[in-house]
Structures are given as C-alpha cells and as structure tokens.
*Asks:* 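Quick one: structure below, then a few questions.
Lettering of chains follows the sequences in order, A, B, ..., and the numbering in each one begins at 1. Atoms considered below: every heavy atom in the structure, side chains included; atoms not considered: hydrogens, waters and symmetry mates.
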Number of protein chains: 2
Amino acid sequence: MSTAEGARARARTEVTAAIKDEARRQLAAEGAAKLSLRAVARELGMVSSALYRYFPSRDDLLTALIIDAYDSLGEAVETAHAAVPAGEFLRRWTVACEAVRVWALAHPHEYALIYGSPVPGYAAPATTIPSAARVAMVLIGVVRDADRGPGLPGLSLPAELRCEAERMAAEIAPELPVEAAPAMVAAWAELFGLVGFELFGQFEQVVLDRERFFRHAVTRLGASVGLPA
Amino acid sequence: MSTAEGARARARTEVTAAIKDEARRQLAAEGAAKLSLRAVARELGMVSSALYRYFPSRDDLLTALIIDAYDSLGEAVETAHAAVPAGEFLRRWTVACEAVRVWALAHPHEYALIYGSPVPGYAAPATTIPSAARVAMVLIGVVRDADRGPGLPGLSLPAELRCEAERMAAEIAPELPVEAAPAMVAAWAELFGLVGFELFGQFEQVVLDRERFFRHAVTRLGASVGLPA
DNA sequence: CACAAAGCAGAGCACTGCTCTTGCATGAGA
DNA sequence: TCTCATGCAAGAGCAGTGCTCTGCTTTGTG
C-alpha cells in the first residue's frame with residue numbers, strides 16, 4: 001500500500017534483486033559453471049525450490065545476469081567515453097576501448113559470461129541485444145562524428161564486398177559511410193579478441209606489458225577505421 | 001609379448017584412445033559442459049569408476065582433449081598453408097586464416113574448448129603450449145619469409161613500446177623484425193576474435209555474408225603486418 | 001607355476017537442477 | 001472488519017553428476 005505497485009509486488013522485486021545480487025557474488029567468486037541455485041538459496045536463507053518462484057530455471061537467472069553484465073560494461077564504456085571532448089576522435093576511441101579492457105579485468109567472470117563460449121543448449125534471447133550493442137554504438141558514434149567533421153579518408157573496399165557492406169551500413173549504422181562498415185566490424189572483433197586473449201591466458205609469456213601493448217593496438221585500430229591522428 | 005611395450009601397456013593405450021574417442025564424440029554432440037564421465041563409461045560398456053584408472057579426473061580428460069584439439073587445428077592450418085607456393089605470401093596468410101575458420105565451423109565445441117572461456121578452477125598445464133602455438137608459428141613463418149624475400153615495409157612503432165616489442169620478438173620469433181612483432185600479435189588476436197564472434201553468435205544480424213567478409217578482413221590483416229599485395 | 005600387480009564392479013558420499021504436494025501467511029475485496 | 005483466494009515457502013523426492021573406497025578377478029611376468 002505504501003507504493004502504487006502494492007506491497008506484494010514490491011517484496012517480489014526486492015527478493016528478485018537480492019537473488020541477483022547473491023548470484024552475481026557467486027559468479028564473481030567462482031564463475032558461471034559453479035553458479036548453483038541451491039548455494040544461492042542457502043546463502044539467502046531460503047530453500048532451493050523457493051527460487052523457482054522468481055526464476056523458472058538456472059538459465060533464466062543466467063540470462064538476467066547476462067543482461068546486467070552487458071549493461072554494466074556498456075555504462076562503463078559510455079561514461080568513460082563521455083569524459084573526452086567531442087572533437088578528439090582518436091582519444092574518444094582509445095578511451096572507450098580501454099574502458100572495455102578495464103571493465104573486463106575487473107569482472108573476468110562476467111566478461112566470460114557474455115563474450116566467452118556460450119553455455120551449450122542455451123541461446124541468448126533477443127532481449128539481450130540492446131544491452132549488448134551499447135559498446136558498439138559508442139564506437140560507431142565516434143566514427144560517425146569523425147566522418148561528419150574533418151572527413152574520413154576513403155577506405156578501400158573491394159567490389160565483391162560492396163553489397164554486403166551496404167547492407168551492414170544500412171542495418172546497423174545508417175549514418176556511417178559504406179566503406180567504414182566492414183572496417184568497423186573488424187575493429188570491433190579485434191578489440192574483443194585482444195581483451196579475450198589477455199583474460200583467457202593466451203597472452204601468457206607472449207605479451208607482458210599488457211597495458212602498453214593494448215594502448216598501441218587500439219590506437220592502430222582507430223587509424224584502421226579512418227580516425228585522424 | 002607381441003610388441004616391445006608389452007600387451008598390458010598396449011591394451012592400456014587402446015582403452016585410453018577409445019575413451020578419448022567417445023569423449024570427443026560427446027564433446028562434439030553436446031559441448032564440454034555436458035561431457036560426463038559416467039556417460040562415456042556407459043557408452044563404452046564399463047563402470048564409471050573404471051575410467052579413473054585412465055584419467056585421474058574429468059579435468060585431466062579435458063586436458064587431453066584440449067591438446068588433441070590444438071593439434072587438430074594446427075595440422076589443418078599447416079596442411080592448408082603448405083599447399084600454397086612459398087612465394088605468394090599474402091595467399092599463404094589468407095589460406096592459413098581461412099583454414100582456422102573452416103576448422104572452427106566444423107568443430108565448434110572443440111573450438112570453444114580451446115579458445116572460449118576457460119573452465120573455472122582449471123588452469124591449462126604447460127603441456128598444451130607447443131600444440132597451442134602451431135597456428136601462430138605458421139603465421140609467423142609467412143611474415144618471416146616475406147621479410148627475407150622482398151623486404152617488409154617499415155611498420156610504425158612508438159618509442160614507448162620498443163622495449164616490449166624487442167622482448168616479444170626475441171622470445172617468440174627471433175627471426176622477425178622488431179616492428180612486426182606487435183602487429184603480428186594484434187593480427188593473431190583479431191583472427192581469433194573474428195572466428196569467435198562468428199561462432200559465438202555475435203555476428204547474428206550484423207554480418208550475413210560471413211565468408212566474404214572474413215576473406216576481406218584477413219586480407220586487410222595481412223596488409224597490416226606488412227605483407228605485399 | 002605362483003605371485004603380485006593391474007583392472008574391474010559396485011556401493012556409497014556429497015553434490016547438482018528441477019518437480020510436486022502440502023500447508024501457511026497475507027493482501028485484497030465484500 | 002471478516003473471509004477467502006492467492007502467493008509463497010518448505011520439504012521430500014527424482015535423476016543425474018564427479019569422485020572414492022573396498023573387495024574380487026584377471027593377467028602378465030619373474
């Protein structure tokens with residue numbers, strides 16, 4: 001009665017939030033594979049079956065955590081990027097990329113949840129797409145602004161890819177020059193390739209000064225999508 | 001007595017191979033998370049506890065499969081690459097990259113096992129390193145040969161990265177020019193970023209003509225490490 | 001040929017996700 | 001204000017998991 005939604009509904013959202021919090025704690029501590037509904041329930045002082053009133057299955061709980069992780073990463077990147085003056089395109093780009101890396105190092109298990117191998121038999125529902133796209137939107141925004149501003153240098157685009165590039169540009173970033181679309185997607189993949197390799201141990205005994213190397217790589221990446229130095 | 005190693009040892013290696021084969025079958029069918037020692041034993045007509053005579057734990061079985069997967073991928077890339085004339089550097093590069101993609105699409109679960117998120121609490125032993133390095137060795141070989149041949153164009157290398165680049169070059173590819181080392185590592189990460197994104201669904205509704213896009217991306221990648229067109 | 005070692009089966013432990021029934025407390029309408 | 005339906009938690013139980021321990025049988029070898 002204290003709120004418009006009624007006491008019952010409010011209690012429900014509170015318990016739901018508490019479950020997600022505890023699940024996130026266990027996720028950070030042990031990883032997605034060891035996330036157990038029973039353990040979450042135990043920690044919250046309830047019985048395991050009670051959790052199924054809030055999440056119909058373990059996968060649904062994971063989906064909720066996935067969306068939260070995408071949003072957490074997206075917000076981190078957006079705020080870091082927003083602190084850079086709009087005219088410094090390359091710095092906007094590198095700062096956004098570095099925010100991805102910093103977030104990933106701070107939340108390795110959540111990163112693995114969203115960018116690692118998908119759980120078998122689990123298909124991420126379409127609900128996750130908007131949250132998942134936030135990082136890409138920031139990167140696209142930088143290139144779009146640079147294109148409107150000083151003008152992007154013409155990127156090469158072989159004839160056989162023209163058709164696909166036009167579709168890509170039309171579908172994901174209508175304001176982007178057609179030539180930039182494939183380069184953007186490739187840069188996007190390299191960014192997460194770099195972060196994933198560092199996080200998942202592939203750089204062990206290969207790259208030691210990770211931060212410096214990463215900064216160099218994303219700077220080159222900015223140039224590869226046509227950002228002026 | 002029929003062989004030098006003795007009948008007992010031979011039976012042991014045969015059973016070990018049978019276990020790995022069945023495990024690989026289940027891995028391909030259901031993914032690493034659903035690989036169950038009991039199911040493997042059941043399919044082989046033995047009891048679960050008997051498996052522990054061959055693999056001390058589930059993780060040890062996974063390690064064996066990981067090494068096999070790295071070797072399978074490495075061999076696929078090596079043979080595809082060997083079919084290209086030594087002088088066509090860019091084609092050697094793209095063929096090797098495309099072999100990675102083809103293998104990954106044919107063995108998605110094994111790819112996820114070696115390049116996806118690591119199992120929590122599981123650290124890949126150093127035994128896996130030689131097998132894991134085979135793909136990188138092929139790529140390094142192409143750039144090395146191109147450098148000895150027509151000469152690689154000078155890649156830019158900021159002063160602050162010089163030290164790390166020298167260490168990287170010395171440690172992983174002594175014959176490589178120092179300037180090429182960071183570019184190689186970045187290209188390596190992008191290659192697996194691209195393949196991973198396609199395999200793990202990140203390209204859904206973003207890239208449709210995957211093969212064409214991939215070919216374009218790895219061609220650009222070859223140029224980025226200095227290979228002449 | 002005898003013996004020790006290797007391999008096997010089976011029971012059992014402590015878990016997991018998930019389902020079903022039962023009983024209780026509480027919020028909402030008469 | 002009282003009643004009643006609804007939301008929720010509890011607990012037992014099912015089928016499965018990785019892993020261990022105890023005996024028993026097979027088998028290669030000195």
*Asks:* Heavy atoms under 4.0 Å, any strand shown: does B:L35 hit a base, just sugar-phosphate, or nothing?
*Replies:*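 Since only primed, P, OP1 and OP2 atoms lie under 4.0 Å of B:L35, the category is sugar-phosphate.
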*Asks:* Where the side chain of A:V47 is defined as all heavy atoms beyond and including C-beta, which of D:dA10, D:dT17, C:dC18 is the nearest nucleotide?
*Replies:*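 Ranking D:dA10, D:dT17, C:dC18 by closest atom to the A:V47 side chain puts D:dA10 first.
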*Asks:* Using whole Å, what does the distance between atom C1' of nucleotide C:dA6 and atom CD of B:E14 come to?
*Replies:*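 Spelled out: CD on B:E14 to C1' on C:dA6 is 16 Å.
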*Asks:* Mind checking what makes salt bridge (charged side-chain N to carboxylate O under 4.0 Å, His left out) contact with A:E22, not counting sequence neighbours?
*Replies:*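 Listed in chain order: A:R25.
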*Asks:* Using the side-chain heavy atoms of A:R42, tell me which of these nucleotides is nearest: C:dC8, C:dC18, C:dT16.
*Replies:*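 Nearest to the side-chain atoms of A:R42, counting from C-beta on, is C:dT16.
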*Asks:* Where the side chain of A:L37 is defined as all heavy atoms beyond and including C-beta, which of D:dT20, C:dT16, C:dG17 is the nearest nucleotide?
*Replies:*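 Taking heavy atoms from C-beta onward, the closest nucleotide is C:dG17.
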*Asks:* In whole angstrom, give the distance that lies between atom CZ of B:R58 and atom P of D:dG16.
*Replies:*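 About 17 Å, once rounded to whole Å.
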*Asks:* For the pair made of OH in B:Y54 and P in D:dG18, what is the distance, rounded to whole Å?
*Replies:*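 Interatomic distance, OH of B:Y54 to P of D:dG18: 18 Å.
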*Asks:* Round to a whole Å and report the spacing from CZ of B:F55 to C1' of D:dC19.
*Replies:*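 It is 16 Å, rounded to the nearest whole Å.
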*Asks:* When all nucleic acid strands are considered with a 4.0 Å heavy-atom cut-off, which category describes A:S57: base, sugar-phosphate, or nothing?
*Replies:*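 Answer is sugar-phosphate: A:S57 comes under 4.0 Å of backbone atoms only.
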*Asks:* Of all the nucleotides listed (D:dT17, C:dT16, C:dA9), which has the minimum atom distance to the side chain of B:S49?
*Replies:*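 Nearest nucleotide to the side chain: C:dA9.
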*Asks:* Ignoring hydrogens and angles, does a donor from either the side chain of B:R38 or the base of D:dG16 sit under 3.5 Å from an acceptor on the other?
*Replies:*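 It does not, because no donor-acceptor pair links the side chain of B:R38 to the base of D:dG16 below 3.5 Å.
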*Asks:* Ignoring the backbone of A:Y52, work out which of C:dC8, C:dT19, D:dT20 is nearest its side chain.
*Replies:*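 So the nucleotide nearest the side chain must be C:dT19.
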*Asks:* If you check every side-chain atom of A:S48, which of D:dG23, C:dC18, D:dA10 has the closest atom?
*Replies:*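 When the side chain of A:S48 is considered, C:dC18 is the closest of D:dG23, C:dC18, D:dA10.
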*Asks:* How long is the line joining CZ of B:R53 and P of D:dC24, in whole Å?
*Replies:*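 Nearest whole value for this atom pair: 15 Å.
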*Asks:* Quick one: which of A:F200, A:F192, A:W188, A:F197 gives a ring-ring contact (aromatic ring centres under 6.0 Å, His included) with A:Y115?
*Replies:*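 It is A:F192, the one option of A:F200, A:F192, A:W188, A:F197 that forms the ring-ring contact (aromatic ring centres under 6.0 Å, His included) with A:Y115.
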*Asks:* From the set D:dC8, C:dC8, D:dT17, return the single nucleotide nearest to any side-chain atom of A:R12.
*Replies:*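 Closest nucleotide among those given: D:dC8.
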*Asks:* For the pair A:R92 and A:D145, find out whether any cationic side-chain nitrogen is under 4.0 Å from an anionic carboxylate oxygen.
*Replies:*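 Here A:R92 pairs with A:D145 in a salt bridge, since their nearest N and O are under 4.0 Å apart.
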*Asks:* Output yes when a side-chain donor or acceptor of B:H107 lies under 3.5 Å from a complementary backbone atom of B:W103, and no otherwise.
*Replies:*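 Checked: pair present.
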*Asks:* Not counting sequence neighbours, which residues clear salt bridge (charged side-chain N to carboxylate O under 4.0 Å, His left out) with A:R91? List them please.
*Replies:*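 Testing A:R91 for salt bridge (charged side-chain N to carboxylate O under 4.0 Å, His left out), a comparison that skips the adjacent residues, returns A:E88.
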*Asks:* A:D60 has an atom CG; how far is it from atom P of C:dG17, in whole Å?
*Replies:*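 Spelled out: CG on A:D60 to P on C:dG17 is 14 Å.
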